[in-house]
Amino acid sequence: MSEPAKSIEYYARALRAPRITDGYRALGDRAREAGWSHEEYLAAVLSREVAEREASGAALRIRAARFPGAKTIEEFNFDHQPAADRNLVAHLGTGVFLEEAKNVVLLGPPGTGKTHLAVGIGIKAARTGHRVLFDTATGWVARLAEAHEGGRLPQELTKLRRYKLLIVDEVGYIPFDQDSANLFFQLVSSRYEHASLVLTSNLAFSRWGEVFGDATVASAMIDRIVHHAEVLNLTGSSYRLRNRTTTRPQAQ
């Protein structure tokens, strides 16, 4: 190995940029063949390092988000769900709403694509450098209850506020008792105009009082959520059951 090559590999290790070691030779050959300037070659080496580092970082953020599956916006079946505004979903995929601390609410019957879109938006956010965390509504309440019991609720809410996006899935599937409703309200309030939420629910807002056991608490919560929010109402039958056939029992 030549002395320049040894130096490059040493500097790559020192800078914790191992991809430079992997690619500088191939790029060097290409640069000589194409007659690149020194500046063009250096820019190409650094560009490759940054691109692969960003891709690696995105993969780490996606794993850390604890999504229930890798469902992307591009894979969403808009033909089955015409109520989903393609342009609005594409806009949400840009992540602009995160910079404005806006929320996204996906409402509709089970199986209409709410979780798919929520995860797809979350994956887009993770790929653009944002920290994301996913859980069901009951999962979030359990997490906050544990922190509350340990005397760490304020610290936990502060920690969660460092995440640019929290996804709250399945609001309304299981009713909350008063303590759980209060914890959920604190989560919503702590993020109001500070950081974004994506929420999915099978219930219209008018029925959230049933979930939280108190119409006043539900109204105050909804007010904070929708003040700066995009609300998508999904309709129709379950996508999961689209190919299911009903088998009639045979006469005996």
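Keep in mind that what you see is a predicted model, and the values were worked out from it rather than measured. The residues of the chain are indexed from 1 along the displayed sequence.
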So Lys164 and Glu99, side-chain contact (heavy atoms from CB on, under 4.5 Å) or not? Walk me through it.
CA-CA 9 Å; Lys164 200 72 170 179; Glu99 303 305 327; 3.9 Å; yes

Start with the C-alpha gap between Asn87 and His91, add the side-chain angles, then the distance that decides, and say whether side-chain contact (heavy atoms from CB on, under 4.5 Å) holds.
CA-CA 6 Å; Asn87 292 330; His91 175 69; over 6 Å; no

Dump the intermediate steps for side chain to side chain donor-acceptor pair (under 3.5 Å) on Glu193 and His228, then the final yes or no.
CA-CA 8 Å; Glu193 296 189 329; His228 306 292; 2.8 Å; yes

For Thr200 and Asp169, what are the C-alpha separation, side-chain angles and deciding distance, and is it a side chain to side chain donor-acceptor pair (under 3.5 Å)?
CA-CA 5 Å; Thr200 77; Asp169 198 27; 2.4 Å; yes

Should Ile167 and Val119 be marked as a side-chain contact (heavy atoms from CB on, under 4.5 Å) after you check the CA-CA gap, both sets of side-chain angles, and the distance that decides it?
CA-CA 8 Å; Ile167 300 177; Val119 170; 5.6 Å; no

I would like to know whether Leu160 and Leu144 meet side-chain contact (heavy atoms from CB on, under 4.5 Å); could you show each step before the answer?
CA-CA 10 Å; Leu160 291 174; Leu144 296 177; 4.1 Å; yes

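Taking all atoms of both residues into account, the shortest heavy-atom contact from Ile20 to Ala12 is CB-CB, 4.1 Å. Across every non-hydrogen atom of Pro68 and Thr115, the tightest pair is CG-CG2, 4.4 Å. Of all non-hydrogen atoms in Val211 and Gly172, the two that sit nearest each other are CG2-CA, 3.5 Å. The heavy-atom pair separating Thr112 from Phe76 by the smallest distance is O-CZ, 4.2 Å. The two residues Phe185 and Ala220 come nearest to each other via the heavy atoms CE1-CB, 3.8 Å. The two residues Gly113 and Leu234 have their closest heavy-atom pair at C-CD1, 3.9 Å.
Residue Ile174 is not grouped with residue Met221 when hydrophobic side chains (ILVMFWY) are merged at heavy-atom distances under 4.5 angstrom, including chains of intermediate members. At a threshold of 4.5 Å between side-chain heavy atoms, the hydrophobic network of Ile, Leu, Val, Met, Phe, Trp and Tyr places Leu133 and Val105 in one connected group. A single hydrophobic cluster is not seen to contain both Leu232 and Leu107; linkage of ILVMFWY side chains at heavy-atom distances under 4.5 Å, directly or through other members, places them apart. Clustering ILVMFWY residues whenever any of their side-chain heavy atoms sit less than 4.5 angstrom apart, transitively, puts Leu183 in the very cluster that holds Val171. Cluster annotation: Leu92 is not connected to Val226 through the hydrophobic network of ILVMFWY side chains, with a link wherever side-chain heavy atoms come within less than 4.5 Å.
Contact annotation: the side chain of Glu9 never approaches that of Lys6 to less than 4.5 Å [non-hydrogen atoms, C-beta and beyond]. Side-chain atoms of Pro110 and Tyr173, non-hydrogen and from C-beta on, do get closer than 4.5 Å to each other. You'll find the side chain of Val104 stays beyond 4.5 Å of the side chain of Leu199, heavy atoms only. Here the side chains of Val188 and Ile225 are in contact, with some heavy-atom distance below 4.5 Å. The closest side-chain heavy-atom distance from Lys71 to Leu117 is not below 4.5 Å. A heavy-atom distance below 4.5 Å is not found between the side chains of Val198 and Phe134. Counting heavy atoms from C-beta on, the side chains of Tyr24 and Arg48 never come closer than 4.5 Å. For the pair Arg191 and Leu166, the minimum side-chain heavy-atom distance is below 4.5 Å.
For the residue pair Arg224 and Tyr192, no side-chain donor N or O sits within less than 3.5 Å of a side-chain acceptor on the partner.
In this structure, the separation between CD1 on Ile222 and CH2 on Trp208 is 6.0 Å, given to the nearest 0.5 Å. Taking CG from Leu197 and CH2 from Trp140, the interatomic distance works out to 9.0 Å, rounded to the nearest 0.5 Å. The distance from atom OG of Ser201 to atom NZ of Lys114, rounded to the nearest 0.5 Å, is 7.5 Å. From Leu157, atom CG reaches atom CD of Gln186 across 6.0 Å, with rounding to the nearest 0.5 Å. With rounding to the nearest 0.5 Å, the separation of CG in Asn233 from CG in Asp85 is 12.0 Å. Atom CD1 of Ile8 sits about 8.5 Å away from atom CZ of Arg25, to the nearest 0.5 Å.
For Lys124 and Glu74, the salt-bridge test passes: some basic side-chain N is under 4.0 Å from an acidic carboxylate O. In this structure, Glu156 does not pair ionically with Arg161, as no charged nitrogen and carboxylate oxygen lie closer than 4.0 Å. Between Glu146 and Arg143 there is no salt bridge, since none of the side-chain N atoms of the basic residue sits less than 4.0 Å from a carboxylate O of the acidic one. Using a 4.0 Å cut-off between a side-chain N of Lys or Arg and a carboxylate O of Asp or Glu, Arg207 and Glu210 qualify as a salt bridge.
Within a 6.0 Å sphere centred on CG of Leu60, heavy atoms belonging to other residues, nucleotides or ligands number more than 12. No more than 12 heavy atoms of other residues, nucleotides or ligands lie within 6.0 Å of OH in Tyr10, so this atom counts as exposed by the packing criterion. Enclosure of atom CD in Gln178 is not indicated, since only 12 or fewer non-hydrogen atoms of other residues, nucleotides or ligands lie within 6.0 angstrom. For His194, the NE2 atom is densely surrounded, since the number of other residues' heavy atoms within 6.0 Å is greater than 12.
For the pair Arg131 and Tyr163, the cation-pi criterion (under 6.0 Å, within 45° of the ring axis) is fulfilled.
Side-chain atoms of Glu33 never come within 3.5 Å of backbone atoms of Arg30 as a donor-acceptor pair (strictly under, hydrogens ignored). No donor-acceptor pair closer than 3.5 Å links the side chain of Asn103 to the backbone N or O of Ser196. Using a distance-only test at 3.5 Å, with no hydrogens or angles considered, no donor-acceptor pair links the side chain of Ser219 to the main chain of Ala215. When atom types are taken as modelled, the side chain of Glu170 and the backbone of Thr136 share no donor-acceptor pair closer than 3.5 angstrom.
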